[in-house]
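Here the structure is laid out as structure tokens; the discussion comes afterwards.
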Number of protein chains: 4
Amino acid sequence: MMKKSVPSMVKDPQLVKKRREQMVKGAVRLFIEKGFHRTTTREIAKESGFSIGTLYEYIGSKEDVLYLVCDAIYEEVSRKLTKQLDSSLTGIERLQKAIASFFQVVDEMQDEVLVMYQEAKSLPKEALPYVLQKEHEMTAMIEAIIRDCVTEGVLSLSDDQIKLRAHNILVQGHMWTFRRWSIQKLFTLEQYTALQMEQLLASSR
Amino acid sequence: MMKKSVPSMVKDPQLVKKRREQMVKGAVRLFIEKGFHRTTTREIAKESGFSIGTLYEYIGSKEDVLYLVCDAIYEEVSRKLTKQLDSSLTGIERLQKAIASFFQVVDEMQDEVLVMYQEAKSLPKEALPYVLQKEHEMTAMIEAIIRDCVTEGVLSLSDDQIKLRAHNILVQGHMWTFRRWSIQKLFTLEQYTALQMEQLLASSR
Amino acid sequence: MMKKSVPSMVKDPQLVKKRREQMVKGAVRLFIEKGFHRTTTREIAKESGFSIGTLYEYIGSKEDVLYLVCDAIYEEVSRKLTKQLDSSLTGIERLQKAIASFFQVVDEMQDEVLVMYQEAKSLPKEALPYVLQKEHEMTAMIEAIIRDCVTEGVLSLSDDQIKLRAHNILVQGHMWTFRRWSIQKLFTLEQYTALQMEQLLASSR
Amino acid sequence: MMKKSVPSMVKDPQLVKKRREQMVKGAVRLFIEKGFHRTTTREIAKESGFSIGTLYEYIGSKEDVLYLVCDAIYEEVSRKLTKQLDSSLTGIERLQKAIASFFQVVDEMQDEVLVMYQEAKSLPKEALPYVLQKEHEMTAMIEAIIRDCVTEGVLSLSDDQIKLRAHNILVQGHMWTFRRWSIQKLFTLEQYTALQMEQLLASSR
DNA sequence: CATGAATGAGCATTCATTCAT
DNA sequence: AATGAATGAATGCTCATTCAT
């Protein structure tokens, strides 16, 4: 699955990368504050530190900014998660570590994750497959870890159960942000993690 | 918690009710199709069967339409759910029935629930407390049913666990819609319900 | 050949007609002064006596204004010409009258004719067939009058010659405007008409 | 009458000449395709084979490109025509040759001539006198040939008639391009030339 | 000389809202 | 109460031109 390519008038890839990073940084702040639709391209340009003309040297449309933002957030979540996971744990401990790490990453990037959740529907049509793919990869990653536990015999779950739990883990990570008005009043992240883990690791069959 | 009052120039409450029902019906269809921001007030008026001038006789701003829509959706979910729950079941069975009913209602109102999820952030500021309150009521309702199980001794959960499971039930209902691109490909509603129930009803302490 | 239909948000045809007349009047003045491309929609709105929003209640795009302008000019040229031609002359005299009338109409509407000549290429794609049709009708009208002369035996021309002379008459009318910087310095309209007529009526075969 | 001078930052006249030739070649193609206003300076630079920065080393404004283009077209028409005319014909034959040659040159350079016709109005103010001068020279050239015929006694025309016929010849050449949608469907260039010549050479007084 | 990134004034168009009828 | 024409601020985007490298 190819990344959607965002058109740029500027040739130098280094510069494109740098400017887009500025842009994403500025845009995330604005999208968090007021949402994609209420943010104007001029505001994005200003917040990014350049003019409206320059903004359009690096994107083709406002929607492209949203795509860049979502892509960057995915990338960072992946990066952070991967960093946490390179430990050489096995079995249940590895899964526990994965869940805790994921929840922690979501906690660290609350606003960003929330933006992605709320604005993904405004992504340009061509970007949708790519984003779904990213979600799928994430789910598959968790799924694999769970499956290892089953293979190792430390967890007893059917294939369907494995798949669904992977989804549940993802969503329970996300809900830490999108229900924060309630959940974060009830629990600390540690409490939340412990309580959810308890259920997620319950075996069956 | 008072409902946010939506201003109307029209005095006759019967008429206001009728017109707003037309409006909500039209708006829901449009919001499902293209989202709140991409829907114009003119389109809402047309779809509702009256003129743009008339639309503004019954609301104060476009956001009010969104509020009315969200409110109506909550109302219908509540209504449908209440209808399903008036059985005289007790204990685990009552909870099972509640979960299954909730999932089923969400399934019946997929598009509507999705709209609420995706557009709630655009609600007028004053409406937020009311909406959160609604969510809270819903959670509290589920919570009460779980608590009954615990009281009856058929489930062994701490207070924190009760609260979190109520949230999980809600979110697992919602995710049937917002992750449908994946989950509904893997499971039928019945399968999904059975699999989730299994975990949700697992006891502990 | 159907007229291109220009979309309007306003229902009342009377009003549409009235507003579009205002619009055409304002736009012609501006197009004469600065050309189509250098005229902004805001200027058109202002010159027409209403707001930019109102302008767009009566057209779909800036190009539509140009189409409306060209159409109105054709219409007026036709109207004026028809009015002049309803005399019951025959043979050469009728042709003479037609040529003189046409030149006179072009003279009266110099600026308008020039605008049409210079901006027609910017017309919306769908309007082109209609405009060519109009030109063709005009040519056919002249052609018919020449043909009558031939039929009556007062002029001796082949079919090709008839067709070409019709074109020549049209173009010689138009060139009174688009070469005015030179021709109108050399001749009065009467002189010009007399001199051109002389050649145009020369018989042959 | 001086040529309008187009400012250049570059000193070497050879280079200026070369670059401007590239520029004109590229621009003509673009102007033919989409007109002056719809062509961007970036496109002109690209089509010319150099950067936008370089483009502005050789011109002062976009309008200058149009002027250069028009000038080049005049130049080439003149050149081609002169080449055809250096025969040592006399009298009617010389005029016939001139007309046929002119029509042929116009036919060979249809697109270019059309561009000049349609975009001349967008020329920078200061360029207008020069362009009119060019037109005048052309007319004068034809005029001289006709006058020779009169002097030689092979044609009998008043001074006014001579002047007007010169204009007619020019315009009838041009109309081969700007009415091509109709005329070129009716006639081949040879037919067209023969038919027009017939009238243009008719004597009188 | 050549380059191309940066600029920002300018433009067409949209749309929530008002108000006279 | 209902209508729909009018409004104009706001917005996404373009493009001629400049200037540092």
Side-chain angles (χ1 to χ4, degrees), chain A residues 8-12 15-16 19 37-46 49-65, chain B residues 8-12 15-16 19 37-46 49-65, chain C residues 8-12 15-16 19 37-46 49-65, chain D residues 8-12 15-16 19 37-46 49-65:
Chain A
S8 171
M9 310 261 65
V10 175
K11 305 295 176 59
D12 180 1
L15 191 53
V16 172
R19 289 281 181 259
H37 279 105
R38 292 196 217 289
T39 301
T40 70
T41 52
R42 285 173 144 84
E43 287 170 324
I44 296 170
K46 191 169 192 185
F50 35 71
S51 71
I52 180 66
T54 300
L55 181 73
Y56 276 88
E57 293 281 306
Y58 296 93
I59 52 161
S61 75
K62 189 187 171 191
E63 284 181 342
D64 284 343
V65 181
Chain B
S8 171
M9 308 266 72
V10 177
K11 298 300 153 65
D12 179 358
L15 191 52
V16 172
R19 290 278 182 258
H37 279 104
R38 292 196 217 288
T39 301
T40 69
T41 52
R42 276 167 142 100
E43 288 170 323
I44 296 170
K46 189 169 191 185
F50 38 71
S51 72
I52 182 65
T54 302
L55 182 73
Y56 274 87
E57 293 287 310
Y58 295 94
I59 53 161
S61 77
K62 189 187 172 190
E63 286 180 340
D64 285 344
V65 180
Chain C
S8 171
M9 309 262 64
V10 175
K11 306 294 176 61
D12 180 1
L15 190 53
V16 172
R19 290 281 180 257
H37 280 105
R38 291 196 218 287
T39 301
T40 69
T41 52
R42 284 174 141 82
E43 287 170 324
I44 296 171
K46 191 169 191 184
F50 35 70
S51 72
I52 181 65
T54 300
L55 181 73
Y56 275 87
E57 293 283 305
Y58 295 93
I59 53 161
S61 76
K62 189 187 171 189
E63 284 181 343
D64 285 343
V65 180
Chain D
S8 170
M9 306 269 70
V10 176
K11 297 299 152 71
D12 179 357
L15 191 52
V16 172
R19 290 278 182 260
H37 279 104
R38 293 195 218 287
T39 301
T40 69
T41 51
R42 274 168 142 100
E43 288 171 322
I44 296 170
K46 189 169 192 184
F50 37 72
S51 73
I52 181 66
T54 301
L55 182 74
Y56 274 87
E57 294 286 310
Y58 296 93
I59 53 161
S61 76
K62 188 187 173 190
E63 286 179 341
D64 285 344
V65 181

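Values below: all heavy atoms of this structure, side chains included; hydrogens, waters and symmetry mates excluded. Just so we're on the same page: letters track the sequence lines, and every chain starts at 1.
Regarding Ile59(C), its CD1 atom lies at a distance of 13 Å from the C1' atom of dT14(E), rounded to whole Å. Between the NZ atom of Lys11(A) and the P atom of dT21(F) there is a distance of 20 Å, rounded to whole Å.
The phosphate of dA6(E) has neither OP1 nor OP2 within less than 4.0 Å of any side-chain N or O from Thr54(A). Between dC1(E) and Arg19(D), no contact under 4.0 Å exists linking OP1 or OP2 to a side-chain N or O. In this model, the phosphate group of dG12(F) is approached by a side-chain N or O of Lys62(A) to a distance below 4.0 Å at OP1 or OP2. Considering only side-chain N and O atoms, Tyr58(C) lies under 4.0 angstrom from the phosphate OP1 or OP2 of dA6(F). One finds no side-chain N or O of Tyr56(A) lying less than 4.0 angstrom from the OP1 or OP2 phosphate oxygen of dT14(F).
Of all nucleotides listed (dT14(E), dT3(E), dA2(F)), dT14(E) comes nearest to the side chain of Ile52(C).
Stem regions for DNA chain E, each three or more consecutive Watson-Crick or G-U pairs with both distances under 3.5 Å and listed by first number, read E:2-21 with F:2-21.
Rounding to the nearest 0.5 angstrom, the gap separating the CD1 atom in Ile59(A) from the OG1 atom in Thr54(A) is 11.0 Å. Atom CZ of Arg42(D) sits about 11.5 Å away from atom CG of Leu55(D), to the nearest 0.5 Å. With rounding to the nearest 0.5 angstrom, the CD atom of Glu57(C) is 10.5 Å from the CZ atom of Arg19(C). Residue Thr40(A) holds its OG1 atom at 7.5 Å from CD1 of Ile52(A), rounded to the nearest 0.5 Å.
Counting only heavy atoms from C-beta outward, the side chains of Tyr58(B) and Asp64(B) never approach each other to under 4.5 Å.
The two residues Val16(D) and Val10(D) come nearest to each other via the heavy atoms CG2-O, 3.5 Å. Shown here for Arg38(C) and Glu43(C), the closest heavy-atom pair between the two residues is O-OE1, 3.8 Å. The two residues Thr41(A) and Tyr56(A) come nearest to each other via the heavy atoms CG2-OH, 3.3 Å.
Remark on DNA chain E: of its neighbouring residues Glu57(B) and Leu15(A), the 5'-side contact belongs to Leu15(A), judged by nearest-heavy-atom nucleotide. The residue among Phe50(B) and Leu55(C) whose nearest nucleotide of DNA chain F lies closer to the 5′ end is Phe50(B). Heavy-atom nearest nucleotides on DNA chain E were determined for Gly53(C) and for Gly53(D), and the one closer to the 5' end corresponds to Gly53(D).
At a threshold of 4.0 angstrom between heavy atoms, the contacts of Met9(A) are confined to the sugar-phosphate backbone, with no base atom among them.
Contact check of residues 37-46 of chain B against DNA chain E (heavy atom, cut-off under 4.0 Å) returns Thr39(B), Thr40(B), Thr41(B), Arg42(B).
Listed for the Lys62(A) side chain is a donor-acceptor partner under 3.5 Å among the backbone atoms of Thr39(A).
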